[in-house]
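In what follows, every heavy atom counts, from backbone to side chain, and hydrogens, waters and symmetry copies are set aside. Residue numbers run from 1 in the order of the sequence given.
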Amino acid sequence: MPKRAKKNEEAVDGETGNGAEPAKKEKKGKEPEAPILYEDPPDQMTSKDGRAANMKITSWNVDGLRAWVKKNGLDWVRKEDPDVLCLQETKCAEKSLPSDITDMPEYPHKYWAGSEDKEGYSGVAMLSKTEPLNVTYGIGKEEHDKEGRVITAEFPSFFLVTAYVPNASRGLVRLDYRKTWDVDFRAYLSDLDKRKPLVLCGDLNVAHQEIDLKNPKGNRKSAGFTPEEREGFTELLKAGFTDSFRELYPEQANAYTFWTYMMNSRAKNVGWRLDYFLLSSALLPGLCDSKIRNTAMGSDHCPITLHLAV
């Protein structure tokens, strides 16, 4: 069943309002165009410098962790079998987490962050097979950290940051806040990068270029595709981080990670690429593959997976 839009800002993509441009009515007698689908190619397990992948990270905006568990999301995770699993938009306080995930023996090290003010809002998680050297929550600024949007884990050779970036929301009511977030988050990542290279993964709530969504013309004033949000992402890349998918597949169109529940958008592949793996330049030589697992169901987003040699 389609998800009904709630009355608050969490209408389509959590708090976004990211929708696709409504489909134009077909003229009588004209056959509707067949959707152009994306097929995730076979995984590449060797980096450009010839090293074998030895780190697998999966990121997924689950659009409500409890509902996602009921939709058998964990069955997919067990088949994918990443070393680290990062989740966004968990919408679940730690006290309410289902035992199906808290008891998972495959991931003995589990970390949760939730909204302090609003129950069932935002939230991120990180589950790891190996214990990180250190784990921190937020980015060190109270105005951002109360919403439970960031977890950072330090591993021997890199930091892993998972984030659920705030969106400008319907009517762009949070665009000014988003611009402040972008500046502060970029500063946080740059400071980390001075200590150790990093992987950033998660729902970054922006389609960076026109190739990253189906209907760019109709969405220029939509949350997730405003000039301000796109410029914020550009500035992040200028700060020394690389979009791993575009690094490997610069011209690949129709590759999306989010589809609104409305208008049968997923079947038509009318979507947005909002979920990313960004890498510090020092990690680029070890990039093996950046995957979009668009056949995995259970959310209005699909999971993405990174293969890395570290």
Side-chain angles (χ1 to χ4, degrees), residues 1-6 10-14 16 18 35 37-43 56-114 119-129 148 151 162 164 201-203 255-277 289-307:
M1 283 180 67
K3 183 167 78 173
R4 289 184 296 175
K6 303 184 184 103
E10 298 200 17
V12 181
D13 175 25
T16 75
N18 275 0
L37 305 178
Y38 171 69
E39 290 191 17
D40 192 31
D43 294 17
K56 183 178 186 180
I57 304 166
T58 291
S59 175
W60 198 347
N61 176 321
V62 294
D63 186 34
L65 185 138
R66 286 167 288 191
W68 171 78
V69 166
K70 289 177 182 175
K71 294 174 187 173
N72 303 314
L74 291 176
D75 291 347
W76 185 90
V77 169
R78 288 188 170 99
K79 288 175 187 171
E80 183 76 351
D81 194 30
D83 298 302
V84 186
L85 173 66
C86 297
L87 305 175
Q88 303 88 40
E89 207 175 352
T90 54
K91 299 181 184 176
C92 186
E94 193 166 346
K95 64 184 179 185
S96 305
L97 290 166
S99 59
D100 304 60
I101 194 165
T102 57
D103 295 344
M104 279 185 88
E106 299 94 329
Y107 298 99
H109 310 287
K110 305 176 183 74
Y111 309 94
W112 317 92
E119 178 78 24
Y121 175 81
S122 190
V124 291
M126 187 182 294
L127 290 77
S128 181
K129 290 183 177 181
I151 297 176
T162 187
Y164 177 43
C201 71
D203 178 359
Y256 310 126
T257 66
F258 164 81
W259 306 262
T260 170
Y261 284 122
M262 298 183 291
M263 299 179 292
N264 202 25
S265 294
R266 188 157 187 173
K268 297 174 184 173
N269 200 29
V270 177
W272 301 56
R273 189 169 72 95
L274 301 179
D275 303 83
Y276 297 81
F277 283 105
D289 213 347
S290 189
K291 314 303 296 174
I292 294 178
R293 306 298 201 199
N294 61 333
T295 60
M297 307 302 283
S299 170
D300 51 3
H301 290 248
C302 72
I304 56 174
T305 289
L306 180 74
H307 290 294

**Message:** I need the E80 CD to D75 CG distance, nearest 0.5 Å.
**Reply:** 13.5 Å
**Item:** Pairwise distance CG(N294) to CZ(R273) - rounded to 0.5 angstrom
**Value:** 13.0 Å
**Request:** Could you grab the distance from atom CH2 of W60 to atom CG of D203, nearest 0.5 Å is fine?
**Result:** 14.0 Å
**Item:** Distance (rounded to the nearest 0.5 Å) between Y38 OH and T257 OG1
**Value:** 11.5 Å
**Asked** So, are R293 and D275 salt-bridged, with charged N and O less than 4.0 Å apart?
**Response** no
**D43 and K291 ion-paired at < 4.0 Å** = yes
**Asked** Should we say atom NZ of K129 is surrounded by more than 12 heavy atoms from elsewhere, each under 6.0 Å from it?
**Response** yes
**Message:** I'd like to check N269 versus Y256 (side-chain heavy atoms, cut-off strictly below 4.5 Å). Are they in contact?
**Reply:** yes
**Message:** Are I101 and L74 packed together at the side-chain level, in the sense that at least one heavy-atom pair is separated by less than 4.5 angstrom?
**Reply:** yes
**Message:** If I compare all heavy atoms of E119 with all of S96, which pair ends up nearest, and what's the gap?
**Reply:** OE2-OG, 4.3 Å
**Prompt:** Are any non-hydrogen side-chain atoms of L65 and W112 less than 4.5 angstrom apart?
**Reply:** yes
**Asked** At what distance, to the nearest 0.5 angstrom, does OG1 of T260 lie from CZ of R266?
**Response** 12.0 Å
**Request:** Output the distance between atom CG (D300) and atom CD (E89), rounded to the nearest 0.5 Å.
**Result:** 6.5 Å
**salt bridge (charged side-chain N to carboxylate O under 4.0 Å, His left out) contacts touching residues 93-105 (sequence neighbours left out)** = none
**Asked** Between S299 and N61, is there a donor-acceptor pair closer than 3.5 Å when you use the side chain of the first and the backbone of the second?
**Response** yes
**Message:** I need the minimum non-hydrogen distance between P98 and R66, along with the two atoms involved.
**Reply:** CD-CG, 3.9 Å
**Request:** Decide yes or no for C302 and W259: does some side-chain heavy atom of the first lie under 4.5 Å from some side-chain heavy atom of the second?
**Result:** yes
**Request:** Might you work through the side-chain contact (heavy atoms from CB on, under 4.5 Å) test for K91 and D63, ending with a clear yes or no?
**Result:** CA-CA 7 Å; K91 299 181 184 176; D63 186 34; 3.0 Å; yes
**Prompt:** Do K110 and L97 come within less than 4.5 Å of each other through their side chains, counting heavy atoms only?
**Reply:** no
**Request:** Take F277 and I57 through the side-chain contact (heavy atoms from CB on, under 4.5 Å) test and state the conclusion after the steps.
**Result:** CA-CA 9 Å; F277 283 105; I57 304 166; 3.8 Å; yes
**Prompt:** Nearest heavy-atom pair of P35 and K268: which atoms, and what distance?
**Reply:** CB-O, 3.3 Å
**Request:** Give the C-alpha distance, both sets of side-chain angles, the deciding distance and a yes or no for side-chain contact (heavy atoms from CB on, under 4.5 Å) between M263 and V270.
**Result:** CA-CA 9 Å; M263 299 179 292; V270 177; over 6 Å; no
**Prompt:** Would you say the side chain of R78 lies within less than 4.5 Å of the side chain of E106, judging by non-hydrogen atoms?
**Reply:** yes
**Asked** Quick one: does V77's side chain get under 4.5 Å of W68's, heavy atoms only?
**Response** yes
**Prompt:** Side chains of P82 and Y107: does their closest heavy-atom pair fall under 4.5 Å?
**Reply:** yes
**Item:** Which atom of A296 lies closest to which atom of W76, heavy atoms considered
**Value:** CB-NE1, 3.4 Å
